Amino acid sequence: MSDRLRGHAAIITGAGSGIGRATALRLIADGADVLAVDRNGEGAAETARLAKARAQEAGWGRCIAETRDITDADAPAAMVENCKQAFGGMTILVNNAGIGASTAVHQTNDEDLDRFLDINLRALFRCAGAAVTAIREGGPKGDNGERRKGGVIVNIASIYGIMGVPGSSIYSATKAAVIGLTRNMAADYGPDNIRVNAIAPGMILTPMNRDRFETNEYFRDMTLNATPLGRVGAPEDIANGIAFLCSDDASFISGHVLAIDGAWSATKFRPFPGKADKPG
Ligand code: NAP
């Protein structure tokens with residue numbers, strides 16, 4: 001815990017579960033005010049309840065839950081407006097809401113194609129646009145009475161957007177697009193002092209994939225046994241990376257894609273069989 005995000009006002013989409021919830025709690029602990037947006041109202045409310053306890057412990061930070069489907073036409077403008085009303089401005093967007101578990105190309109019907117494109121790419125794109133406008137207007141007022149300038153956007157991609165993984169065509173395609181968008185936005189908005197980065201999580205145990213991980217041996221082998229660090233990630237592993245990218249510790253980092261995956265995507269790892277602890 002630190003106060004490195006004090007004076008920041010953040011919107012986190014998909015904050016009612018998994019990585020989004022852990023990020024809300026982490027950003028609160030580091031001093032930010034947070035608008036926790038999710039289409040699952042109960043999930044968002046639970047995040048706000050947990051955040052309240054975290055804020056009391058820390059002595060700072062506020063969290064407001066907002067039930068909203070980010071694919072709705074007016075969602076980006078509305079949530080940005082609510083953040084400005086509640087906290088006096090906006091400085092951070094964590095573009096996290098997303099869906100997973102797609103199929104191979106020949107198995108993907110038009111309905112699924114549109115669903116993935118709508119949530120994982122179109123809504124994320126539109127939320128980013130609304131955030132840029134709000135961040136340009138300024139963040140909350142500081143002790144000197146002036147509004148904070150500049151801000152940070154963190155887009156949640158996936159290592160599936162970097163490497164080919166069987167049976168995940170449209171999911172991978174949307175996440176690769178998020179990485180391309182991140183680099184483009186870093187170029188467009190650097191002059192506004194808006195840093196734009198992506199995080200590419202590896203296998204993180206959340207409600208999105210817990211069932212598949214526990215029941216599908218192939219999936220478990222393909223993730224856990226291919227990870228040199230020998231474990232799956234926790235939502236907090238991603239939240240820690242997001243908090244870092246939002247902070248001034250990352251003030252010269254923009255256009256970067258940070259893989260947080262226990263070295264899964266950097267290696268072709270298989271545990272060495274037998275008794276020897278090293279091959280050769
Ligand atoms: P999660 O536990 O399912 O949380 C995602 C949250 O976003 C859910 O509450 C979900 O609501 C919400 N959401 C989905 N679509 C929405 C919409 N249109 N409007 C508002 N809220 C919406 O999943 P997670 O694992 O934390 O995933 C968060 C992000 O990390 C996603 O973008 C995912 O692709 C990415 N990621 C995750 C992993 C992993 O291993 N977990 C790996 C790589 C990347 P519903 O429950 O109603 O869908």
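Both counts, for ligands and for their atoms, begin at 1 and track the order of listing. For clarity, every value in this text was computed on a predicted model and none was experimentally measured. Below, each value reflects all heavy atoms present in this structure, side chains not excepted, and no hydrogens, waters or symmetry copies.
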Handout entry: Protein non-hydrogen atom below 4.0 angstrom of atom 48 (O) of ligand 1 present
Key =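 Yes, at least one protein heavy atom sits under 4.0 Å from atom 48 (O) of ligand 1.
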Exercise for the section: Of the side chain and backbone of Asn209, name the one, both, or neither that has a heavy atom under 4.0 Å from an atom of ligand 1. Expected result: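 Looking at Asn209 and ligand 1, just side chain atoms fall under 4.0 Å.
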For [X], state whether at least one heavy atom is located under 4.0 Å from any atom of ligand 1.
X      : result
Gly202 : yes
Arg68  : yes
Ala200 : no
Tyr171 : yes
Asp69  : yes
Gly100 : no

Handout entry: Reported CD1-to-CE distance for the pair Ile194 and Met185, which is rounded to 0.5 angstrom
Key =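 Rounded to the nearest 0.5 Å, the CD1-CE separation comes out at 7.5 Å.
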Practice task
Find the distance between OG1 (Thr227) and CE (Met222) and round it off to the nearest 0.5 Å.
Solution key: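 Rounded to the nearest 0.5 Å, the OG1-CE separation comes out at 10.0 Å.
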Practice task
May I ask you to decide whether Glu81 forms a salt bridge with Lys84, counting only side-chain N to carboxylate O separations under 4.0 Å?
Solution key: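 Yes, this pair counts.
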Handout entry: For atom 11 (O) of ligand 1, the protein heavy atom that lies nearest, with its residue and separation
Key =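 Atom 11 (O) of ligand 1 sits closest to the protein heavy atom Asp38 OD1, 3.4 Å.
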Exercise for the section: Write out all pairs satisfying side chain to side chain donor-acceptor pair (under 3.5 Å) with one or both partners inside residues 199-210, taking only residues at least two apart or from two chains. Expected result: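 As it turns out, there is no side chain to side chain donor-acceptor pair (under 3.5 Å) pair with a partner in residues 199-210 once direct neighbours are skipped.
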Exercise for the section: Any side chain to side chain donor-acceptor pair (under 3.5 Å) involving residues 246-258? Give me the pairs, sequence neighbours left out, ordered by first then second residue. Expected result: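 For residues 246-258: Arg4-Asp249.
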Problem - Geometric N/O contact Asn40 with ligand 1, under 3.5 angstrom - result: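 In fact, backbone or side chain, Asn40 has no N or O that close.
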